[in-house]
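Inspection log for the structure reproduced underneath, given as structure tokens.
This one's a predicted model, so the numbers in the text were calculated from it and none came from an experiment. Position 1 is the first residue of the sequence, and the numbers go up from there.
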Amino acid sequence: DTIVASRKPLIVHNGMLDLMHIYLRCIDELPPDWSTYRNKVSQLFPYLFDNKYLFANSPTLNSKTDKNITSLSSCFTAMRKEEDSSSVKV
């Protein structure tokens with residue numbers, strides 16, 4: 001309830017099954033079809049981001065990982081390198 005009420009962004013990594021588990025255990029029974037489930041999850045979490053999906057489907061982000069690997073550690077390392085290279089050094 002607190003997460004839903006906060007309306008803050010929810011960031012997951014390859015989180016479809018995690019979201020289904022949260023929905024089933026904390027919200028309600030899973031809807032009978034994908035479309036209904038997707039609409040209900042979108043209403044509950046309007047700012048939902050799956051960084052694995054983003055890295056896999058964004059050419060800009062995908063090019064930052066080694067050999068198109070989208071594991072969480074690869075995504076983190078890629079963004080860390082980006083942050084380090086863009087920082088102003090004195």
ILVMFWY cluster, [X] and [Y] together (side-chain gap under 4.5 Å):
| X | Y | result |
| --- | --- | --- |
| Ile11 | Val41 | no |
| Leu44 | Tyr47 | no |
| Val12 | Ile22 | no |
| Phe45 | Phe49 | no |

Count the heavy atoms of every other residue, nucleotide or ligand shown that sit under 6.0 Å from [atom1] of [X], and state whether that count exceeds 12.
| X | atom1 | value |
| --- | --- | --- |
| Met16 | CE | no |
| Tyr53 | OH | no |
| Lys52 | NZ | yes |

Working to the nearest 0.5 angstrom, can you tell me the gap between [X] [atom1] and [Y] [atom2]?
| X | Y | atom1 | atom2 | value |
| --- | --- | --- | --- | --- |
| Ser58 | Asn51 | OG | CG | 12.0 Å |
| His21 | Leu17 | NE2 | CG | 10.5 Å |
| Leu72 | His13 | CG | NE2 | 5.0 Å |
| Leu48 | Arg38 | CG | CZ | 12.5 Å |

Mind checking whether [X] and [Y] have side chains closer than 4.5 Å, heavy atoms only?
| X | Y | answer |
| --- | --- | --- |
| Glu29 | Leu24 | yes |
| Tyr23 | Leu30 | yes |
| Leu61 | Met79 | yes |
| Tyr37 | Leu19 | yes |

Problem set entry | Worked verdict on Ser74 versus Ser71 for side-chain hydrogen bond (donor to acceptor under 3.5 Å, both in side chains) | CA-CA 5 Å; Ser74 295; Ser71 68; 3.0 Å; yes

For this session: Determine whether the side chains of Asp33 and Thr36 contain a donor N or O and an acceptor N or O closer than 3.5 Å.
Result: yes

